[in-house]
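Below is one structure, written out as structure tokens, with a few remarks after it.
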Amino acid sequence: MTPQTAEVTQIETQSPEEEWQPPMPPTDLIFDDGEPLESSRHRVTMNALIRSYRHHCAGRNNFFVGGNMFVYYSSQQVKNKEFKGPDFFIVLDVPPDPARQGWVVWEENGRYPDMIVELLSDTTEVNDLGEKKALYEKVFKTKDYFVFHPFKVNSLQGWRLDSYKGYQPIEEDSRGWLWCESLHLWLGTWKGVIEDDDAVWLRFYDEVGNLVLLPEEAEQQRADTEQQRADAERQARLDAVSQLLQMGLSVEQVAQALSLTVQEVEAVR
């Protein structure tokens, strides 16, 4: 047997288990760096975006929304421990799976966030507008990227990914809002109280300009609407008192007919 024949025989008899296999992705991932957000207002802003978007999409099960959560996208990144996740992000057309501790791209069929918001601070602004922006544009290819400083009212900026030109600035409308094509929602500011903090907040608005409500705001709106309906109904009954009295009904009969007290009827007559 010639040396060449022996080499061929060795290759042919090599078992599948001995064939080269690509290295497995790392599994010893860290999901908490122990570092809090820059301020309470940063935390409240992030939670308001998360909770309002979830409420807006109640009943849907085809998206994942995360906040202050690591996004892992490469073994080298894990080795270097060089990246902390976005302050707020949304991935569309994926199972919600609330048990996720982070977003691990190789466990999510290669999916990256469709939309990201970074909440600027004096210590992170340079990185958020530089290195992170470049990462989201060139590696993540995130379609919509926004930044906002919770302590600076006019700080909202946004970019939309162009396949050829990269990130292009999103022009604000007359209200100062920016359109998020991925979500079909506006991002704009809103002044009011959230968690006892009266400030200017970053909020979502729907296509026609309605504020995307937090669950407690929606509940208050329902209660207010019900109270207005009840007040209008009672006023209509009070308005009918005089007419029924003129028709010859007694005070007691009018009260019974209109579900009012005798005192209420007498106060109107």
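The first residue in the sequence is number 1, and the count goes up from there.
Between Tyr136 and Glu118, the shortest heavy-atom contact is OH-OE2, 2.5 Å. The heavy-atom pair separating Phe151 from Ser39 by the smallest distance is CE1-OG, 3.3 Å. When all heavy atoms of Lys132 and Asp128 are compared, the closest pair comes out as CD-OD1, 3.3 Å. Annotation for Gly176 and Leu156: closest pair O-CD2, 4.2 Å, computed over non-hydrogen atoms. Here the closest non-hydrogen pair linking Leu178 and Ile170 is CD2-O, 3.5 Å. The shortest heavy-atom contact between Val193 and Trp190 is N-CH2, 3.9 Å.
Trp177 has its side chain out of reach of Glu172: every pair of non-hydrogen atoms, C-beta onward, lies at least 4.5 Å apart. Residues Lys152 and Asp122 meet the side-chain proximity criterion, which asks for heavy atoms closer than 4.5 Å. Between Cys57 and Phe63 there is a side-chain heavy-atom pair separated by less than 4.5 Å. With a 4.5 Å cut-off on side-chain heavy atoms, Phe140 and Ile116 count as touching. In this structure, Asp162 and Tyr167 have side chains that are not in contact, with every pair of non-hydrogen atoms separated by 4.5 Å or more. In this structure, the side chains of Pro86 and Val117 stay at 4.5 Å or more apart for every pair of heavy atoms. Here the side chains of Leu238 and Leu260 are in contact, with some heavy-atom distance below 4.5 Å. Between Met69 and Gln101, the closest side-chain pair of non-hydrogen atoms is not below 4.5 Å.
Across Arg229, Gln228, Arg222, a single residue satisfies side chain to side chain donor-acceptor pair (under 3.5 Å) together with Glu226, and that is Arg229.
Classification of Arg111 and Asp93 as a salt-bridged pair fails, no side-chain N sitting under 4.0 Å from a carboxylate O. Glu195 has a carboxylate O that lies under 4.0 Å from a charged side-chain N of Arg43, or vice versa, which qualifies the two as a salt bridge. Using a cut-off of 4.0 Å between Lys/Arg side-chain N and Asp/Glu carboxylate O, Glu108 and Arg100 are scored as salt-bridged. Salt-bridge annotation for Glu137 and Lys143: absent, with no side-chain N of the basic residue lying under 4.0 Å from a carboxylate O of the acidic one.
The main-chain N or O of Ala218 is never found under 3.5 Å from a side-chain atom of His55 such that the two would form a donor-acceptor pair. A distance-only check finds no donor-acceptor pair linking the side chain of Arg175 to the backbone of Gly188 [under 3.5 Å]. In this structure, Asp144 contributes its side chain and Ser182 its backbone to a donor-acceptor pair below 3.5 Å. With hydrogens and angles disregarded, no donor-acceptor distance shorter than 3.5 Å links the side chain of Gln220 to the backbone of Glu217. Using a distance-only test at 3.5 Å, with no hydrogens or angles considered, a donor-acceptor pair links the side chain of Glu264 to the main chain of Thr261.
Every side chain to side chain contact (heavy atoms under 4.5 Å, CB included) that Leu185 has, sequence neighbours left out, goes to Tyr53, His56, Leu183, Phe204, Asp206, Val212. With sequence neighbours left out, Gln256 forms a side chain to side chain contact (heavy atoms under 4.5 Å, CB included) with no residue at all. Residues forming a ring pair (Phe, Tyr, Trp, His ring centres under 6.0 Å) with Phe64 (at least two apart in sequence, or on another chain): Trp103.
A continuous path of Ile, Leu, Val, Met, Phe, Trp and Tyr side chains, each step under 4.5 Å between heavy atoms, connects Val65 with Leu202, placing both in one hydrophobic cluster. Note on Val44: it does not cluster hydrophobically with Leu49, by side-chain heavy-atom contacts below 4.5 Å among ILVMFWY residues. When hydrophobic clusters are built by joining Ile, Leu, Val, Met, Phe, Trp and Tyr residues whose side-chain heavy atoms come closer than 4.5 Å, directly or via intermediates, Tyr145 is grouped together with Leu129. Both Leu161 and Val139 belong to a single network of hydrophobic side chains, linked directly or stepwise wherever heavy atoms of I, L, V, M, F, W or Y lie under 4.5 Å apart. Hydrophobic clustering of Ile, Leu, Val, Met, Phe, Trp and Tyr side chains at less than 4.5 Å, counting indirect connections, keeps Val200 apart from Phe88.
Between Tyr112 and Tyr73, the ring-plane angle classifies as tilted under the 30° and 60° cut-offs.
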Practice problem: Carefully, step by step, assess Trp179 and Glu181 under the rule side-chain hydrogen bond (donor to acceptor under 3.5 Å, both in side chains). | Solution: CA-CA 6 Å; Trp179 177 247; Glu181 182 65 30; 2.8 Å; yes
Quiz item: Given the rule in the side chain to side chain contact (heavy atoms under 4.5 Å, CB included) test, do Phe148 and Gln157 qualify, once you have shown the distances and angles that lead to the verdict?
Solution: CA-CA 7 Å; Phe148 178 73; Gln157 298 180 73; over 6 Å; no
Self-check item: side-chain hydrogen bond (donor to acceptor under 3.5 Å, both in side chains) between Gln227 and Asp231, intermediate numbers included
Solution: CA-CA 6 Å; Gln227 185 61 53; Asp231 290 344; 2.8 Å; yes
Practice problem: In sequence, state the C-alpha distance, the side-chain angles, and the governing distance for Arg41 and Asp197, and then conclude on salt bridge (Lys or Arg N to Asp or Glu O under 4.0 Å). | Solution: CA-CA 8 Å; Arg41 188 172 294 177; Asp197 188 358; 3.0 Å; yes
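A cation-pi arrangement is not found for Arg203 relative to Trp201, the charged atom failing to lie both closer than 6.0 Å to the ring centre and inside a 45° cone about the ring normal.
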